[in-house]
Amino acid sequence: MNAALYEDQMRVTSIPYNSTKMVIFSGVPLAKNSYRTNSSKYYVTIKADPDTIPVQPALGQHWSVKGTRSIEEMETGDYVMQQHTYESPEHVECALPETGEQLIRFIARESEFKGIGESKARALWQLLGKEFHATLRNDTPESRNRLKSVLSDDSIDTLFKGYAKYKNLAYCNWMSEHQIPASVQQRLLKHHGEESIEAITQNPYVLIGFGMSFEQVDLVVANCDFKLEVTDCDPRRLSAALEATIRKEIEKGHTYTTHARVRPYLNKLLKDKVLVAQAFKAGHDKAQYILSPDTGTYHPTAQLLMESVVAKRLKTLASQNNLYDQHANNAYCSAVAELPYALTAKQTEAVTTSLNNALSCITGGAGTGKTTVLKTALRAYHQMGFEIHAVALSGRAAMRLHESIGFITSTIAKLLREEPIEPSAGKPNHLLVIDEASMIDLPTMYRLVNHIHPSVRLVLTGDPDQLPPIGCGKVLADIVEAKTVANTMLDIVKRQEGSTGIPEYSKQINQGVMPERLSTGAIHFHEAKKGDIAQVCCDLYQQSPDNSRVMAPTKALVSEINKLTQHAVNPNGDRLEFEMNGDKFFLMLRVNDAILFTQNHYDKGIQNGSLGTLTSVTPAGDSYGEVTLDTGDKVEVTQSVLDCMELGYAITLHKAQGSQFPRIIIALQKGKIVDRAWLYTAITRAESEIHIVGSADDMRQITEAPSHSHNRNSYLKELLR
């Protein structure tokens, strides 16, 4: 095997592997400066990060590649072929074939041009010849009329849609050459189109708005030959540094920030006190954020817009009260009559409040009866002729909600993909229920209120003391704290004989009170040193693997527990294998392993946080196996799915929020993430049994210290008042 700096041109003939982390594609070499296939006995393989190449590879494309090359002899049937492999090449560029035969074959094979076979592609070339690219670059009535002699209207639509993917190739190649990631390129092209390069050369820091960090853009500027010069004290750079700093605060969950919070990160970016002072004075880009002079706060325009829209809708709904009439009373009496037990005074108040107001909240901790109240209220609404739409953030939570209330439920993502909720002649009245609303961030709430007609009533249920959402904002906590929306907080735990004791225990933790007895009822505390926590969790999991799940605060601890647990409970299961570039590879996922998905693939019925079991590792077609989700649905393990599968014996708490498990094991380890709200939320994930593993001293400190999880700057609360 040898290695050298080299370059090649090739036509893509296979794409053996394509994921979000790596893409591998191979092809036959092309003669230099022509599009005739070279007769050399070798083929070219490119291995690259998908973010470093201008477009996704497709069969028939022509690529130029330059970089370090390794050469290996490969047996292919009766022939020995050389494989020239370029791994993370210095330069890759894609171009559409120019000559007739190559272009005809490309269009006939490329999936973007589905329905246009070789005969139609040949007729196209005969019709257009050298004017092919000029005709397809712009979708005009003149171009369409010209194509009608050889293509149907549907095929013309397909042709223009497919070609649109490639008409920006020159811009993509330029941006790839300047180290701008492919994901950023696509967002930029969507917004700026053919003016993309001009937008970058006028102000390279525009790239921050499309997903690059300030430091990355600084590197692009340092390595690029721009027509303009950008100095360290350029106002565009300083303004971008301030914008990047404010964005960092949004990533922490805030919807606005302050001068005091901005300064430390700005110092880190600019590394110069004079430049920091100039950045504050550089003026602010009104398209990005608004400075409130009275309070000295910085409000990013996007977040302020979302907060304003959400607040306006919620206030309008909140003003519609005194709706409890005779019709509602009859429905209420009918719903209560179906219950096998009497409601408490507080539960009765919660049900009638939800019927009396167009917007209401039902809040409270575990065991306080939120589900009973919601089920009763929804039965009454159903009696009144309302169409019920019940949603939760995760698939598991939506399934649990369905089991609790008996109405059809869905995930929020699924609801947002469907038609907006509008009143119609047959269905004039609608109610949207958002369960586990503490998990809803500001952008999600904004999308929801824009997806429903202003007449749609809203009921939010949840526990505002749980961990706040992963995204910015804390909608439910803001609504409750603003005290302008009808909210019934259920706070009495209804203890029943033989109960687990979990609701009472979680209530004490939430109030900052260390339970007198760390082990009580169905709750078991296991004293363990920091280095032993993972092993103890693994041992406890083995005692009841079918109904257990481990919650841990960090990805590192989750990974350690998962490896130990797999080795303990499933060491010999067949491994998931796949072929890549002629070689067989194995993932350390075995048949019967617990699986966690870490990305959304809504078309396949999975989302970030979906859980299941690897039930097959038998390859079939494009599938390497099968996962059976907790919901009972089956998911084929294709390349895109493979990329987001991890062991799921242990998961982070954020992945578990909104779900419940029969028996949970909590890996309690002090750290930045773990506070009272974290522990409280973890405890309330259990249905019947809890094991807490860690130090009693750590648990006392975590419980008694004030929770920091709700210390988010959020303007929604002020707007609701």
Side-chain angles (χ1 to χ4, degrees), residues 467 500-502 505-506 508-509 513-573 588-590 592-596 611 646-657 659-705 707-709:
L467 281 181
T500 61
I502 294 169
Y505 199 93
S506 66
Q508 282 186 293
I509 297 289
V513 177
M514 180 76 160
E516 281 184 26
R517 295 170 61 196
L518 293 185
S519 294
T520 177
I523 302 152
H524 311 274
F525 185 84
H526 306 265
E527 182 73 34
K529 293 175 184 173
K530 187 178 178 181
D532 298 332
I533 289 174
Q535 187 59 57
V536 175
C537 288
C538 172
D539 295 343
L540 287 165
Y541 186 95
Q542 290 176 68
Q543 292 173 11
S544 185
D546 291 341
N547 63 359
S548 298
R549 196 76 59 168
V550 183
M551 310 283 149
T554 65
K555 287 181 180 178
L557 187 55
V558 163
S559 177
E560 187 184 352
I561 296 167
N562 271 323
K563 283 176 187 170
L564 287 170
T565 308
Q566 184 197 45
H567 183 70
V569 301
N570 191 25
N572 302 315
M588 288 312 294
L589 300 175
R590 300 178 182 275
N592 296 324
D593 269 339
I595 298 295
L596 167 75
L611 293 162
E646 294 178 0
L647 288 173
Y649 298 105
I651 58 178
T652 62
L653 184 57
H654 269 118
K655 291 282 191 286
Q657 205 169 349
S659 301
Q660 282 194 301
F661 305 89
R663 178 178 184 263
I664 69 156
I665 301 155
I666 300 169
L668 190 66
Q669 196 177 72
K670 272 179 75 178
K672 197 160 61 172
I673 299 168
V674 181
D675 67 352
R676 184 195 301 168
W678 188 94
L679 180 56
Y680 169 69
T681 306
I683 288 168
T684 57
R685 298 308 91 211
E687 290 172 1
S688 55
E689 187 179 333
I690 293 174
H691 294 266
I692 302 171
V693 182
S695 149
D697 287 342
D698 284 355
M699 183 164 163
R700 181 176 297 280
Q701 288 178 42
I702 290 162
T703 301
E704 293 179 352
S707 170
H708 56 247
S709 60

Atom pairs and distances, side-chain donor-acceptor, residues 545-557, under 3.5 Å, sequence neighbours left out:
{"residue": "Asn547", "atom": "OD1", "partner": "Ser544", "partner atom": "OG", "Å": "2.6"}
{"residue": "Ser548", "atom": "OG", "partner": "Ser544", "partner atom": "O", "Å": "2.6"}
{"residue": "Ser548", "atom": "OG", "partner": "Arg663", "partner atom": "NH1", "Å": "2.5"}
{"residue": "Arg549", "atom": "NH1", "partner": "Gly648", "partner atom": "O", "Å": "2.7"}
{"residue": "Thr554", "atom": "OG1", "partner": "Leu557", "partner atom": "N", "Å": "3.1"}

From Glu689 atom CD to Leu540 atom CG, the distance as rounded to the nearest 0.5 Å: 9.0 Å

Tyr505 vs Ile690 side-chain heavy atoms within contact, under 4.5 Å: no

Lys655 and Leu596: CA distance, side-chain angles, deciding distance, side chain to side chain contact (heavy atoms under 4.5 Å, CB included) verdict: CA-CA 9 Å; Lys655 291 282 191 286; Leu596 167 75; 4.2 Å; yes

Test item: Met699 and Ile509 side chains (from C-beta on) under 4.5 Å apart, heavy atoms: yes

Atom NE2 of His567 with >12 non-hydrogen neighbours under 6.0 angstrom: no

Side chains of Ile666 and Trp678 in contact at under 4.5 Å (non-hydrogen atoms): yes

Distance (rounded to the nearest 0.5 Å) between Leu564 CG and Leu647 CG: 11.0 Å

Distance, nearest 0.5 Å, that separates OG1 of Thr681 from CG of Leu467: 4.0 Å

Least distance between heavy atoms, Leu653 atom then Ala682 atom: CD1-CA, 3.7 Å

Side-chain donor or acceptor of Asn570 paired with backbone N/O of Gln566 under 3.5 Å: no

Val674 vs Leu668 side-chain heavy atoms within contact, under 4.5 Å: yes

Minimal non-hydrogen separation, Gln660 against Thr684, with atom names: NE2-O, 3.2 Å

Counterpart residues, side-chain hydrogen bond (donor to acceptor under 3.5 Å, both in side chains), relative to Glu704 (two or more places apart): Arg700

Contact check, side chains of Leu611 and Ile651, non-hydrogen atoms, under 4.5 Å: yes

Heavy-atom pair with the smallest gap, counting every atom of Thr703 and Arg676: O-NE, 2.9 Å

Nearest heavy atoms of Asp675 and Ser707, plus distance in Å: OD2-OG, 3.1 Å

Exercise answer: donor-acceptor pairs, residues 521-538 side-chain atoms, under 3.5 Å, sequence neighbours excluded:
{"residue": "His526", "atom": "NE2", "partner": "His691", "partner atom": "ND1", "Å": "2.8"}
{"residue": "Glu527", "atom": "OE1", "partner": "Ala696", "partner atom": "N", "Å": "3.1"}
{"residue": "Gln535", "atom": "NE2", "partner": "Asp539", "partner atom": "OD1", "Å": "2.9"}

Nearest heavy-atom neighbours spanning Thr565 and Ile561: OG1-O, 2.6 Å

Over all atoms of both residues, closest heavy-atom pair of Asp698 and Lys670: OD1-CD, 3.1 Å

